[in-house]
A.B. asks: 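Would you mind keeping the following structure in view while I ask a few things?
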Amino acid sequence: MSRLQKSAYETLKSTYVLPYAPNPLDSAAVFGNLHDVVVEIGFGMGIATAEIAAGQRDVNFLGIEVHTPGVGKLLSEIERLGLGNVRIIQEDAVPVMEHMIPKESLKGIHIFFPDPWPKKKHHKRRLIQREFLQLCADNMKHGGYIYIVTDWQPYAEWIIDTLEGVPLLNNPYKGYAVPLPWRPHTRFEHKGIEKQNSIFEIYAVKRSGPP
Ligand SMILES: C[S@@+](CC[C@H](N)C(=O)[O-])C[C@H]1O[C@@H](n2cnc3c(N)ncnc32)[C@H](O)[C@@H]1O
């Protein structure tokens with residue numbers, strides 16, 4: 001951790017990092033308002049997270065990340081930009097989504113550049129699995145969205161195929177989406193662009209009834 005990240009982690013953690021607990025979160029109590037909640041899973045250093053939250057201050061953002069330097073960095077950005085609409089949970093996203101996020105509560109889920117685990121023997125470690133997308137869908141409001149971006153084409157194809165196995169989620173683009181105008185490039189994405197990697201955007205909306 002840089003000195004800035006370490007100092008932000010020590011001084012701001014108690015204010016903005018919510019302890020993991022296997023109980024549904026009361027977002028009105030946590031954020032002090034009834035605004036919509038968007039979850040971001042694996043925010044990395046949180047640069048894009050902070051930029052999105054700064055541009056949408058009437059939306060609450062809950063970032064889930066395990067990497068301590070990234071948590072420190074986002075904490076420093078929360079302070080620098082005065083982001084009262086961001087909280088962090090430093091824990092594996094799967095139990096958080098299973099136990100802390102109330103059903104039908106989320107306006108959106110962002111998953112930008114999830115680890116691709118390219119080797120076949122490691123595919124089971126990929127975050128995006130049918131069961132996980134089902135869990136995401138259960139936690140989304142009707143009309144809520146899930147937005148996933150990757151620069152690893154085989155993973156992009158895997159995500160599109162896996163989405164098709166979750167009837168609650170509708171991909172209005174049928175294939176890849178167009179980049180949403182408010183999405184800034186992430187830190188990981190910048191490195192991919194330098195290597196001239198293609199970027200694949202995947203977007204789906206929760207249906208209000210059977211397909
Ligand atoms: C490839 S990085 C992308 C980071 C960031 N989204 C970006 O685009 O710059 C993937 C991130 O997901 C985090 N991550 C992976 N699995 C996770 C999980 N189960 N729960 C929470 N975070 C996770 C990693 O710690 C890492 O920071």
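For ligands, and for the atoms within them, numbers begin at 1 and follow the listed sequence.
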A.B. asks: Looking only at side-chain N and O atoms, does Thr68 offer a donor or acceptor that is under 3.5 Å from a partner on Gln90?
C.D. replies: yes
A.B. asks: Just by distance, do the side chain of Asn85 and the backbone of Gln56 share a donor-acceptor pair under 3.5 Å?
C.D. replies: yes
A.B. asks: Atom 12 (O) of ligand 1: which protein heavy atom is closest, and how many Å away?
C.D. replies: Gly42 CA, 3.4 Å
A.B. asks: If hydrophobic clusters are built by linking Ile, Leu, Val, Met, Phe, Trp and Tyr wherever their side-chain heavy atoms come under 4.5 Å apart, do Val38 and Leu18 end up in the same one?
C.D. replies: no
A.B. asks: What protein heavy atom sits nearest atom 20 (N) of ligand 1, and how far away is it?
C.D. replies: Ala93 N, 2.9 Å
A.B. asks: Give the residue and atom name of whichever protein heavy atom lies nearest to atom 8 (O) of ligand 1, and the separation in Å to one decimal.
C.D. replies: Thr186 OG1, 2.6 Å
A.B. asks: Who's the nearest protein heavy-atom neighbour of atom 19 (N) of ligand 1, and how far?
C.D. replies: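 Atom 19 (N) of ligand 1 sits closest to the protein heavy atom Asp92 OD1, 3.2 Å.
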A.B. asks: Using a 3.5 Å cut-off on N or O atoms only, is Glu40 in polar contact with ligand 1?
C.D. replies: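 Not met; the criterion fails.
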A.B. asks: Looking only at atom types and distance, does a side-chain atom of Tyr155 sit under 3.5 Å from a main-chain N or O of Ile128, one as donor and one as acceptor?
C.D. replies: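 Checked: pair present.
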A.B. asks: Hey, can you tell me if His110 and Tyr147 have their rings parallel, tilted or perpendicular (30° and 60° cut-offs)?
C.D. replies: perpendicular
A.B. asks: Considering the heavy atoms of Phe112, write down every atom of ligand 1 situated less than 4.0 Å from one of them.
C.D. replies: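 Those atoms are 3 (C), 5 (C), 6 (N), 8 (O).
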A.B. asks: Going by heavy-atom distance to atom 26 (C) of ligand 1, choose the closest among Lys191, Glu65, Met45.
C.D. replies: Glu65
A.B. asks: Return the residue, atom name and 0.1 Å-rounded distance of the protein heavy atom closest to atom 1 (C) of ligand 1.
C.D. replies: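 Checked against all protein heavy atoms, atom 1 (C) of ligand 1 sits closest to Phe113 O, 3.1 Å.
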A.B. asks: Minimum heavy-atom separation for Glu201 to Leu180, with atom names?
C.D. replies: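 Of all heavy-atom pairs spanning Glu201 and Leu180, the closest is OE1-N, 4.3 Å.
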A.B. asks: Check this for me, if you would: do Asp36 and Lys141 make a salt bridge, where the nitrogen-to-carboxylate-oxygen distance has to be below 4.0 angstrom?
C.D. replies: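 Looking at Asp36 and Lys141, the cut-off is met.
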A.B. asks: Return the closest protein heavy atom for atom 15 (C) of ligand 1 as residue, atom name and distance.
C.D. replies: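 Going by distance alone, atom 15 (C) of ligand 1 is nearest to Asp115 OD2, 3.3 Å.
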A.B. asks: Taking Gln129 for the side chain and His123 for the main chain, is one N or O donor matched with an acceptor at less than 3.5 Å?
C.D. replies: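 Looks like yes, one N/O pair under 3.5 Å.
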A.B. asks: Write out the residue and atom name of the closest protein heavy atom to atom 9 (O) of ligand 1, then the distance separating them to 0.1 Å.
C.D. replies: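 Here the nearest protein heavy atom works out to Phe188 N, 2.9 Å.
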A.B. asks: Might you check, step by step, whether the distance between atom 17 (C) of ligand 1 and some protein heavy atom is under 4.0 Å?
C.D. replies: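 So atom 17 (C) of ligand 1 lacks protein heavy-atom neighbours under 4.0 Å.
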